Amino acid sequence: MDDRPDPADQRRPVHVVKNETSHTARQESGDVWKDAHAAWLRALEGILGGPSGGAGKAWPFGNVANGADLHSRTWEWWLQVAKLGSDWRRSEATRSFLDFWNVSMTNLFFGLPAESGLPRLWADSMKGWRSLVEAMTRAAPNGAEPAGQATGFYDSWLQTYEATVGKFVNVPMLGQARLFLEKLSRLVDSHAKFVAALVEFQSRLDPPWIQSMMHVLRRAPQIAEGGLDPKACRELYNLLIQTAEEQFADAFKSPPFTQSLATLLGRSLEFQQDYSKVMEEILRTTPVATKSDMNEVYRELYNLRKQLKQQKATIRELAGRAGLEESP
Amino acid sequence: MAPTQSPLEFAAQWRAVQQRWMRRGAASLTADLDTRVGTTPSDVVYEEDRMKLMRYRPVVEKPLPIPLLIVYALVNRQYMLDLQPDRSVVKHLLNLGLDVYLIDWGYPAGCDRFLTLGDYVNGYLHDCVEYVKKRTGQPKINLMGVCQGGTFAAMYASLNPRSVGNLATLVAPIDFDTQDGLLHVWSKSLDAGRMVDTFGNIPGDFMNVGFLLMNPIRLMFHKYVDFLEHLDDQDFLSNFIRMEKWIFDSPDQAGEAWRQFMQDCYQRNLLVKGEMELDGRRIDLRRIDMPVLNVFAEHDHLVPPAASRPFTELTSSQDAEVLGFPTGHIGLFVGRKSHAELWPRVGGWIVKRSRRPDFFLDPGPVND
């Protein structure tokens with residue numbers, strides 16, 4: 001007798017998100033794909049759920065159907081991402097996306113035991129993302145000032161990352177490939193931090209250039225009073241170069257720039273190191289020497305060369321004392 | 001080109017300028033430009049690992065008996081001293097009758113990453129000095145150090161004062177505790193140890209990016225505009241391309257030596273404090289008692305005067321001269337004015353002191 005439970009009974013209730021954003025999404029052209037996907041899911045359930053037979057018997061395929069159900073909601077989420085891509089500059093669009101994301105992801109985690117902490121972690125994460133959106137909104141009122149310097153946008157970004165995605169990236173890994181996966185996670189983590197440092201650094205290169213351009217534009221009407229000719233152009237160009245040179249020199253000497261450069265280098269090195277570790281893991285499966293292997297060889301070579309030179313010097317000294325000719 | 005108020009007219013004029021540049025460029029760059037570097041005839045007389053010691057063929061019948069050994073930096077290549085045939089430092093010194101030797105450090109490979117500063121100064125440099133002494137039969141020689149090579153020369157002269165008859169340093173960083181140059185500012189917060197642990201040898205390209213970033217507008221933009229404006233000037237183009245070759249011919253830096261140079265010199269300034277050690281031997285600059293000529297460039301953005309000028313005060317030399325010249329770090333070696341005014345003085349200083357009667361006296365034990 002087949003006492004397996006009906007997979008349909010095992011499925012958790014689907015909490016469809018009832019907000020404006022999701023309704024809008026259904027009206028988009030993406031509905032075609034959503035319908036196609038739903039049909040595919042139904043077919044999948046038909047195939048996998050079909051043989052389950054009677055209730056009460058554990059059957060792993062039923063869990064796959066549950067996974068597919070979760071996948072269905074993730075699909076809906078991706079549709080929203082695609083939609084956001086077209087109007088991401090509008091902060092209300094970002095907010096509405098985050099609302100949708102918050103609710104749908106909470107639904108995704110619905111049913112998980114509260115003590116697992118994931119629903120709570122998710123709620124905390126959303127607070128972080130919300131503060132990021134607010135920072136973005138504050139940062140770019142009219143584009144007059146680079147975001148990074150006006151509001152600490154990139155610090156905010158990094159803090160948000162660490163409070164949200166970073167936590168997921170750094171969850172403990174399990175199983176046979178644990179070590180490799182942990183290295184991979186660290187690589188993802190250090191890449192995110194490197195990119196944050198890079199854009200922060202780049203944002204510091206803007207103001208000197210903008211200041212120089214503003215200075216030239218202020219002087220331009222005077223210089224080109226008699227019309228634009230090669231002499232006036234050359235004068236404007238010289239002014240730009242000289243001003244930019246001074247502006248950059250001042251900026252580069254400033255402690256914030258030096259700190260930003262040091263942070264960028266540090267993060268870049270961290271990323272390089274994590275990348276090397278992952279590459280070494282991959283290379284171990286091939287008949288190719290890794291960087292660590294080569295470093296060992298290099299150290300041995302260095303020591304051997306030194307020993308050889310010392311011994312040659314000793315031989316020369318002994319030969320000299322004995323009054324012998326040096327061998328070639 | 002007549003002045004215009006109309007953007008359209010201006011755009012048309014600008015297009016005409018561009019077309020003229022293109023025509024000139026096509027003609028000039030496809031012509032037979034002589035862009036060779038390091039053309040003064042020389043022979044490799046001694047080799048050790050990647051290091052080569054070159055002796056330039058004398059151009060006078062009887063060169064001065066006391067040879068001159070030039071130590072270049074590990075950064076970039078030694079042919080800066082022989083970049084242009086008409087403005088070659090090496091050629092200038094040869095014409096004065098000097099017997100010139102120059103160290104080519106080569107390009108460090110992976111297996112050189114554990115080379116230390118001690119290996120460079122107490123190893124390669126010491127072996128070159130000993131070789132030149134033996135070859136010429138002289139108990140001591142003239143030593144000239146350029147940029148970081150000047151720092152090495154000072155270190156060597158301090159550890160082996162009896163082997164060095166006269167010491168000349170050019171744009172050599174000695175006192176690293178200054179905020180005048182960006183290298184000095186930035187290097188304070190650089191994690192040199194981590195860089196070496198990550199890269200092994202420090203890539204030459206990384207060093208170059210750092211140098212370009214010090215003046216990005218001029219070095220990455222303006223100089224190429226200048227290049228376009230001189231497309232019909234063959235001499236300018238030849239020299240421009242020679243300089244481009246040199247600038248982007250950047251050997252990697254042997255990891256451990258770089259780590260020590262950054263940490264002990266740039267970050268801790270141990271050389272000036274008298275606390276720097278190479279292979280367990282402490283460097284005391286006061287032991288430099290031979291005649292010293294210290295040349296710095298007044299507009300040097302790489303080694304600011306504040307880093308090089310104090311050197312002579314730290315020695316015990318009774319015959320020390322400091323010479324500032326109104327040019328930049330590179331201009332000192334390739335500038336027209338430098339060759340007309342500075343190099344005759346530098347060469348004259350060496351020649352004059354090489355004729356001192358006490359120079360030929362055996363100074364006793366070499367390493368003291």
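Order of the sequence lines sets the chain letters (A, B, ...), proteins ahead of strands, with each chain counted from 1. Treat the numbers as computed from the prediction; the structure is a model and nothing was measured.
Closest approach of F252(A) and W186(B) over heavy atoms only: O-NE1, 3.1 Å. Pairing each heavy atom of A262(A) with each of S189(B), the nearest pair is CB-O, 3.5 Å. Of all non-hydrogen atoms in F114(B) and N295(A), the two that sit nearest each other are CE1-O, 3.6 Å.
With a 4.5 angstrom heavy-atom cutoff, T258(A) touches chain B via backbone and side-chain atoms both. Q179(B) touches chain A through its backbone: at least one of N, CA, C or O sits under 4.5 Å from a heavy atom, while the side chain does not. Interface remark: T116(B) contributes backbone and side-chain atoms alike to the contact with chain A (heavy atom separation under 4.5 Å). Using a 4.5 Å cut-off between heavy atoms, L265(A) contacts chain B through its side chain alone, with no backbone atom that close.
Note that CG of D197(B) and CG of L269(A) are 9.5 Å apart. Values are rounded to the nearest 0.5 Å. One finds the CZ atom of R194(B) at 9.5 Å from the OG atom of S268(A) (value rounded to the nearest 0.5 Å). Remark: Q247(A) CD to I217(B) CD1 distance equals 10.5 Å, nearest 0.5 Å.
Contact tally against chain A (heavy-atom pairs below 4.5 Å) for L115(B), D191(B), V185(B): the top residue is L115(B). Counting heavy-atom pairs under 4.5 Å between each of L240(A), I241(A), L301(A) and chain B puts I241(A) at the top. Chosen from P216(B), G200(B), C111(B), the residue pairing most often with chain A at heavy-atom distances under 4.5 Å is C111(B). The candidate from Q259(A), R299(A), E300(A) with the greatest count of non-hydrogen atom pairs under 4.5 Å with chain B is R299(A).
At a heavy-atom cut-off of under 4.5 Å, chain A is reached by no residue from residues 251-268 of chain B. Interface with chain A: from residues 223-233 of chain B, residues V225(B), E229(B) qualify, criterion being any non-hydrogen pair under 4.5 Å.
Annotation: cation-pi geometry not satisfied between R113(B) and Y298(A) (NZ/CZ under 6.0 angstrom from ring centroid, within 45° of ring axis).
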**OP:** Go through N215(B) and F248(A) one step at a time and tell me if the side chain to side chain contact (heavy atoms under 4.5 Å, CB included) criterion holds.
**Re:** CA-CA 8 Å; N215(B) 194 344; F248(A) 275 105; over 6 Å; no

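Of the charged side-chain nitrogens involved, at least one lies within less than 4.0 Å of a carboxylate oxygen, so that D119(B) and K306(A) count as a salt-bridged pair.
Residue pairs meeting the salt bridge (charged side-chain N to carboxylate O under 4.0 Å, His left out) criterion with at least one partner in residues 243-261 of chain A, sequence neighbours excluded, are E245(A)-R218(B). Residues in residues 288-297 of chain A take part in no salt bridge (charged side-chain N to carboxylate O under 4.0 Å, His left out) pair, two or more places apart or across chains.
If you check the side chains of Q273(A) and T198(B), you find a donor sitting under 3.5 Å from an acceptor.
Remark: M214(A) CE is loosely packed, at most 12 non-hydrogen atoms of other residues, nucleotides or ligands lying under 6.0 Å away.
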